[in-house]
Structures are given as structure tokens and as C-alpha cells.
There are 4 protein chains.
Amino acid sequence: MFNLFSPAMAKKKQPARKAPQQARAQVTVDAILEATVLVLDREGLDAATTTRIAEVAGVSVGSLYQYFAHRDAILTALQEREFEHTMAMMQEVLADGNLGRSPRDIVTAVVRGLAALYARSPGLHRVLTIEGLRVSAAPRVQAFDARVVDIIRHFLAATQAPLRRENVEAAAFVAFQSVRATMLATLLERPAGLSAEDLTQELVDLVLRYLVRDS
Amino acid sequence: MFNLFSPAMAKKKQPARKAPQQARAQVTVDAILEATVLVLDREGLDAATTTRIAEVAGVSVGSLYQYFAHRDAILTALQEREFEHTMAMMQEVLADGNLGRSPRDIVTAVVRGLAALYARSPGLHRVLTIEGLRVSAAPRVQAFDARVVDIIRHFLAATQAPLRRENVEAAAFVAFQSVRATMLATLLERPAGLSAEDLTQELVDLVLRYLVRDS
Amino acid sequence: MFNLFSPAMAKKKQPARKAPQQARAQVTVDAILEATVLVLDREGLDAATTTRIAEVAGVSVGSLYQYFAHRDAILTALQEREFEHTMAMMQEVLADGNLGRSPRDIVTAVVRGLAALYARSPGLHRVLTIEGLRVSAAPRVQAFDARVVDIIRHFLAATQAPLRRENVEAAAFVAFQSVRATMLATLLERPAGLSAEDLTQELVDLVLRYLVRDS
Amino acid sequence: MFNLFSPAMAKKKQPARKAPQQARAQVTVDAILEATVLVLDREGLDAATTTRIAEVAGVSVGSLYQYFAHRDAILTALQEREFEHTMAMMQEVLADGNLGRSPRDIVTAVVRGLAALYARSPGLHRVLTIEGLRVSAAPRVQAFDARVVDIIRHFLAATQAPLRRENVEAAAFVAFQSVRATMLATLLERPAGLSAEDLTQELVDLVLRYLVRDS
DNA sequence: GATGAATGAGAATTCATTCAT
DNA sequence: CATGAATGAATTCTCATTCAT
């Protein structure tokens, strides 16, 4: 059974803005988040001023600050949202019900799942990666990484596959970082002669041989 | 014979700054670069304003702009410098003279070399990674990546070791990205129970099993 | 029917500023323009920094930039405003309804009208002339000159007075430039023994004898 | 007999730099002035920084400041030089020896002379006009204008031609300003259908009819 | 609540001028 | 004298955040 960890919500300075209680409020919050994704993806980080985001979201800056204490809070929210998407995907793939599947199938599913998340808006992930590298974001990123490692470790502990690693936690960490970074780099650089499918195969092989004996 | 250096890219906007002609000038340029490293490492990217850098370097802002067309040019110079360090290290390790060594020794040397470079100033590499993720830096980063891939590919082509990969270029890319990203993440997160030596072993294993048969 | 206004030119660089939507905004814009006139008139072009203008206008620099894309845009706006004043004056004097008046009356009215405009703030016109001499202002100035020439030409074509010139367009241009420049020079130099009224008489004579036979 | 007026040299703040006594020094001063003309003409006022001027002149900024107390002194020197050129031209044309020529010939010669001076480097005159409109330049400009008016007045007093004006000083002033400004405007705007020769004819007519009876 | 005008601290950059070599 | 590296005051402009309407 998984332990579903703690939400890891990050506080900043100012008083946390009211959690949207009415439907209209939630709509506004979503509009702001979507607008931010749009702007980041199409116009880049520098263009993502609060004014521009509000404009694209179809609200006033004032309203924006009604729901987000400061500009950074928007990025943080977006980051958390992507974290949750990733977690959800991994939890689904690495669920106990899938313990019987072949290691290759499992790893392939994870890599494909991750690829799908990144492909949806590469520009956003570029920015979120930048954001995640800022010192201030470190705790949040670490908490997320820990959760991911936990899930992987849990699955590895339960699987029947013959594992090669001794330090399972380290292995989970290394595997995850490798897949994530290579995927992002590919998305951003599009190296010649490396299709999405090629990349998937390479990464699956990378991880599989690293983790599983006789693979 | 290899090291097929690509043009190295450079130009940004308009004003190319004068290259230092007097000895005094070179001292100033170096002071600025060192100051920037210091500030980035200790105070982070946002603190690295031109004023602060000049202050720490012990020169005036004017001097700074005498040698760097704009703030970004300093970061770019730093990035290029690190690129060259990395290239130099890899060229040394992957030199033809080392073709006889065992694959494990070679990979270990590369991983250790990279680790040493990163460990010297993690904060700087954090920032340089951020910098490398900016859209404007893409061409420079790609050029560097291409050079690295070239060196690795060249070595793989010359080695006697039984390779497992078919797409050697893709493999070089994947291996390099994986090592680099994991290394950075470890430096920044310092995950519990993962010493520097542990990490090296994990990465060597990761790469070795991915690339070389019977390893 | 005339006043064949030409497009009036506008755009400079990138960011078109928001047009004032609330009443409060219009007040601010006006305050900035008036402050600029004041500063130019009393302290000269060099003193007219954005900070100083904002200060005199009683607003923040931020507000200034909310409505003017850059410092030059303020001067341009002022220039256009003076252009419009001049046009309005000339259209009134050279209206079809005045075709019956004597040439001397008409010319006198134009010269007096121009004198009145210049006398209101000589320092401003000094600066606007400087501004008009900048290469970047050339298109705007030419467009204005063309409009003025058009009005004059149109009137000359309609008048009963016996004209002396063959190239009417050239004549309109020469006459206008002469009056304008002499007027400005007088305002700035105040040559001894040349009262405003004297000047008017001289200019009227200059233009009249140039343009009209038997005058 | 003319009275050749006083030199009207303008002092600024700092100690006047040494007057070039050796040949080499004069060469340097000339090089700087020529470089300034070149830069102003080709690159405009904003590009005319002391560094750029020194560069084009082939000397160091340091040397530049050896001969000119401040940047403005260069422009002032250039202005004085043009003033002298203009004076020389007018003195030649309006010399007593030419008193016998027809008014039209005289005026034509002056207009042509002025045109030639302007045509040599329009960009320079654009800038010098701007410079002359600055408050600080007013005394110098007035002194020059007074000298010009004096020459013209002197000639008018001596000529046999039947003059139409009563206020001869005012007339000289008006005539000169008109010709000068129209000429500059034409050079800068190049209005369609107005050749250099056309312009000369128009201006000659303008002045002649204004000044001389039965012309 | 929503709006968007106003704010102003702070950042980048320029360039006339100085002065050690 | 010449050189050109160094200086730093001054200027423009941005953008997160606030608050009166």
C-alpha cells in the first residue's frame, strides 16, 4: 500500500490568498494558470509579466492579485500542478495491479507517460525547470523528487523482477533524473536523427539495463 | 586525430567590445569574471546585477561595459569558459592514447572529471544550467552538445569494447545528458544516503551497461 | 473644399502605449504635456529628463511611461500638437470664405497668426525646431510641410489676386519657410530696433511682393 | 571702408586649451575637426561621441582633450569655422568692387555662394543649426548674425540700386534668415519638383523684390 | 469583488572626462 | 605629449505591487 505523502504546499511571505470557494473564483484561477502556460509557451519567461498574464487571462491585474499573493506564486502553482500530473501518471503505471507486467512494459509506460506530459507544452517545462533550479524552489523540488523516488522504490520492492541495484533509493533517483533531463534536452534541442520513438527506446534500454538483471 | 571544433558561435546584438590590449585590461576582465562566479555562487542569479558584479570585482560599472556588451555577455563568457573546461577534460580522457584502457576505467574517469568540475562551484553550474535553458542560449548549448557528442562518438568508434548501441550518436547524447543532469541534481539536492562516491559508481554503471556489452 | 490631410505619420518603435480610457488618465497625459512645455520653456531641452518632467507634472515616471513609449514620444506629441494648431490657424485664415479679402489682409492674418502661436512659448518652439531637425523627425516634418504647402497652394489657386509665381508649390514652400524661420530667429534674438509689429510688416511685404503682382 | 568687427570669441568654463603652436598640433586639431564633420555628416549627432571622433581622427581621446576643453568646444570651433566661411564668401561678393554690378547678379552670387557652402555637407549644417538653437549658443549666433547684417547693410548703403526698404537693418536680417532657412529646409527635405537651380531663382526673386524697387 | 491607473525602487547602459603609464 | 583604461554620475525604462474608484 502506498503512503500518499504530505501535500508539500509551499508558503511564501504574504498571507496566503483566499482559497477559491465559489465556482467563479475557481474559473478565474484556472484562467490565470492557463494564460500563464500560454504566455510561457509562446512568448517566453520574460514576456510573462503579471500584466500580460492578466491580459491573456481576460482579467485585471487587480484580480490576479486577489488569488495569487505574488507573481512567483503563479509559477509555483503551475509547478505543483505539473508535479501532481507526473505523480498521478506514475502512480497509475506503477500501481500494484501492474506488478505482474514485464519490466520492459512498465518502464516503457513510464517513459511514454513522461514524454506525453513534456510534449504537451515544452516551453512550459523549460521554464518550470528553470524555476526549479532557483534556490528558493529547492525545498519544493526536493519534496517532489522524494515522492517520485518513493513510488519507484515501492514498486521495485514489490516487483518480482531480478534487480541489479543494491542502493534502491539511489537507483530510483538516478533513473528518474536521467530520463527527465534527457527528455527535456531532446525536446529543446531536437538532435538530428533522434525521433521521439528512438528516444523512448534508448531511455527504456538505459533504465532497464541499469535496474534489471538479464534485461 | 579528432577534436573537430565547431565555430563556437558568439555574436549577440550590436556593440562588440574592445578586446583587452593592455595587461591592465586583462586583469580587469578576469576580475569581472571571477567576481561574477563569486556572486552567482554565493548570492544567486538575481543578485548578480552589473553594479554588484563591478563592486565585487573592485572596478566601476563603466569598466565592466568596456569589455562586455551587456550583462548577458558575462554569463555567456562564463558559460563558454565552462564549456571549454569540460571539453578539455573529455579530450584528455578520451584521447587516443587511452584506447587500450578498460571501458570502466574510461567511463569512471569521465564521470569523476565531470564531478570535479561541478563540485568546484555548484552554484555557478546551477546558474549556468538556467542560463543554458534560456531560448537565446540554445544555439550555444547545442553547439557545445554537438562537440561533446562528437568526441564521445569518435572514441566509441575507435574503442575495441563490444558496443551494444546501434545509434551511436543518440547513445552519446543520452549518456552525456544523463550523467550531467544527475550530477547537478545530486549536487543541489544532496539526497540522503548518496555519497559522491556512491553516485559515481551508480553513474558509471548506468552508462556502462547502456553502452557496453558484457559490462 | 480642401484640407486634404495626409496620414499624419506616427509609429516609432515597438510598444504602443495605452490610450487613456478613464478620465483620470487624460488628466495625467495633459499634465505630462504641460509639464514638458514648462520645463522646455524654462529649463531647456537638456533639463527635460523623464524624471524632471514627471516631477513637474506631479506624477511618477511610471505614469509617464504608461502613456508615452519613450521620452521622444512626448516631444513628438508636442510637435504634433503644435502642427495641428498651425494647421487650424491657417485653415481658418485661408478658408474659402476669405477668398474675397485683399491679399495683404490675408497674408497679414497668417503672419499675425503664426506670430501669436510662436509668442505663446518661444522656448518650446526653439526646442521643437531642434527636434524637427533630427533625422528621425524628418518624415513627420515633411508631412506637415506638405500639408501647409497644400493649403497655401489651394488658396493661391482659388484667389483672384494676380499671381507672379509660376511654380506655385515651390512658392508656397519658400514663403512658409521664410516666414517661419525669420519669426523664430526674431523671437530668439530680439534684434535691436525690430518690434513685433515691424517684423510683421516686413514679412508681409516680403511674401506679398514675392507672390502677388502689383502689391 | 568696412569695419571688421570684433572676433567674438566665446569663452566657456575651463581654461582655454593651449592654442596650437607647433605644426603637429595644428594637424591634430584639423584632424579632429575633419573627423567631427565626417561623423556628423555620416552618422549623425548622437554618434559623435568623443571616443568616436578621436577614433576617426586617428588620435586618442586623451589627445582630443589636449586641444579641446570639452566636447562642446569642438562643435563651437566648427560653428565658428562655418561662420568664417560664410563671412568670407559674403565679404567677397559684397565687396566695394562689386558695387557696380546689377542687384540681381549680386543677390544671385550670394544665394549661390550660400548654397555651395550648405551643399558641401548638409548633415553638418543640420547639426550646426541645432547647435545654434541651443540657449548656450545664442550669444555666438547673435554676434554672427550681427556681422552678416552689418555687411549687407553696408552694401545696401553703398549701392546705387533703388531700395524699397526703410528699415535697412531689419531688411538685411529678414532677407538673410529667409534665404538661410529655406535653403536648409530644401536640403533636408528635397521637396519634389524643386531643383537646386529652381530654388536659387525663387530665393533671388524673393529677396530682390523685397529689397529693390523695379526688380 | 473587480478594475486599471499610479507608483517608485531598481536595473541596465552610456559617455564625457580624468589620469596613471 | 600621447595613450586608452578606468571612472561614475546621470538617464532611460520596466514591472511587481497597491489602492482609490
Side-chain angles (χ1 to χ4, degrees), chain A residues 14 18 22 24-25 28 46-55 59-74, chain B residues 15 18 20-29 46-55 58-72, chain C residues 15 18 20-29 46-55 58-73, chain D residues 14 18 22 24-25 28 46-55 58-74:
Chain A
Q14 313 249 343
K18 77 190 48 158
Q22 298 139 22
R24 184 149 65 111
T28 304
D46 291 346
T49 65
T50 49
T51 310
R52 178 76 182 125
I53 291 173
E55 182 180 86
V59 300
S60 65
V61 235
S63 292
L64 186 154
Y65 277 92
Q66 190 82 32
Y67 297 107
F68 296 92
H70 35 70
R71 181 181 178 279
D72 260 30
I74 306 177
Chain B
K18 100 186 32 153
Q21 295 178 355
Q22 300 181 359
R24 182 161 54 137
Q26 187 58 55
V27 170
T28 302
V29 168
D46 290 344
T49 65
T50 50
T51 313
R52 179 78 182 120
I53 291 173
E55 182 180 270
V59 299
S60 67
V61 237
S63 289
L64 189 154
Y65 279 96
Q66 189 114 54
Y67 301 105
F68 297 94
H70 32 69
R71 183 181 171 281
D72 259 33
Chain C
K18 97 184 38 153
Q21 295 179 356
Q22 299 181 0
R24 181 163 56 137
Q26 187 58 54
V27 170
T28 301
V29 169
D46 291 343
T49 65
T50 50
T51 313
R52 178 77 182 121
I53 292 173
E55 180 180 272
V59 300
S60 65
V61 236
S63 289
L64 188 155
Y65 280 95
Q66 188 114 57
Y67 300 106
F68 298 94
H70 32 68
R71 181 181 171 281
D72 259 34
Chain D
Q14 313 249 346
K18 76 191 45 157
Q22 297 139 23
R24 184 149 63 112
T28 304
D46 290 346
T49 65
T50 50
T51 308
R52 178 77 182 126
I53 290 172
E55 181 180 86
V59 300
S60 66
V61 236
S63 292
L64 187 154
Y65 277 91
Q66 192 81 30
Y67 298 107
F68 295 93
H70 35 70
R71 182 180 176 278
D72 260 31
I74 307 178

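Chain letters run A, B, ... following the sequence lines, proteins first, then strands; residues in each count from 1. All values below come from the heavy atoms of this structure, side chains included, with hydrogens, waters and symmetry mates left out. Worth saying up front: this structure is predicted, and the values here are computed from it rather than measured.
- In this entry the distance linking NE2 of C:His70 with C1' of E:dT13 reads 17 Å, nearest Å.
- Here B:Thr50 lies in heavy-atom contact (under 4.0 Å) with a base.
- Rounded to an integer number of Å, the gap from CZ of B:Phe68 to C1' of E:dA11 is 19 Å.
- Atom-to-atom, OH of D:Tyr67 to C1' of E:dT17 comes out at 18 Å; the value is rounded to the nearest Å.
- Following rounding to the nearest Å, D:Leu64 (CG) and F:dC1 (P) show an atom-to-atom distance of 16 Å.
- Candidate nucleotides F:dA5, E:dA2, F:dA16 were compared by shortest atom distance to the side chain of D:Val61, and F:dA5 ranks first.
- Nearest nucleotide to the side chain of B:Arg71, out of E:dT13, F:dT3, F:dT11: E:dT13.
- For B:Ile53 and E:dA12, the CD1 to C1' distance is 12 Å, given to the nearest whole Å.
- Atom CZ in A:Arg52 sits about 16 Å away from atom C1' in F:dT14, given to the nearest Å.
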When Watson-Crick pairs (N1 to N3 and N6-O4 or O6-N4) and G-U wobble pairs (N1-O2 and O6-N3) count only below 3.5 Å on both distances, what is the dot-bracket string of DNA chain E, with | for other-strand pairs?
.||||||||||||||||||||
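- Rounded to a whole Å, the CG atom of D:Asp46 is 10 Å from the P atom of E:dA16.
- Listed candidates were F:dT14, F:dA16, E:dT3. Nearest to the side chain of C:Tyr65 is F:dT14.
- With the nearest nucleotide of DNA chain E identified for both C:Val59 and D:Gly62, C:Val59 has the one nearer the 5' end.
- Within the 4.0 angstrom heavy-atom criterion, only backbone atoms of the sugar-phosphate kind lie near C:Thr28; the bases stay farther away.
- For A:Arg24, the side-chain atoms get nearest to E:dA2 when compared with the rest of E:dA2, F:dA6, E:dA16.
- Closest to the side chain of D:Ser63, from the set F:dA6, F:dA16, F:dA2, is F:dA2.
- Two residues are said to be in side-chain contact when any heavy atoms from C-beta on lie closer than 4.5 Å; B:Phe68 and B:Val29 meet this criterion.
- Taking only side-chain atoms of B:Gln66, from C-beta outward, the nucleotide of F:dT7, F:dT12, E:dA6 with the closest atom is F:dT7.
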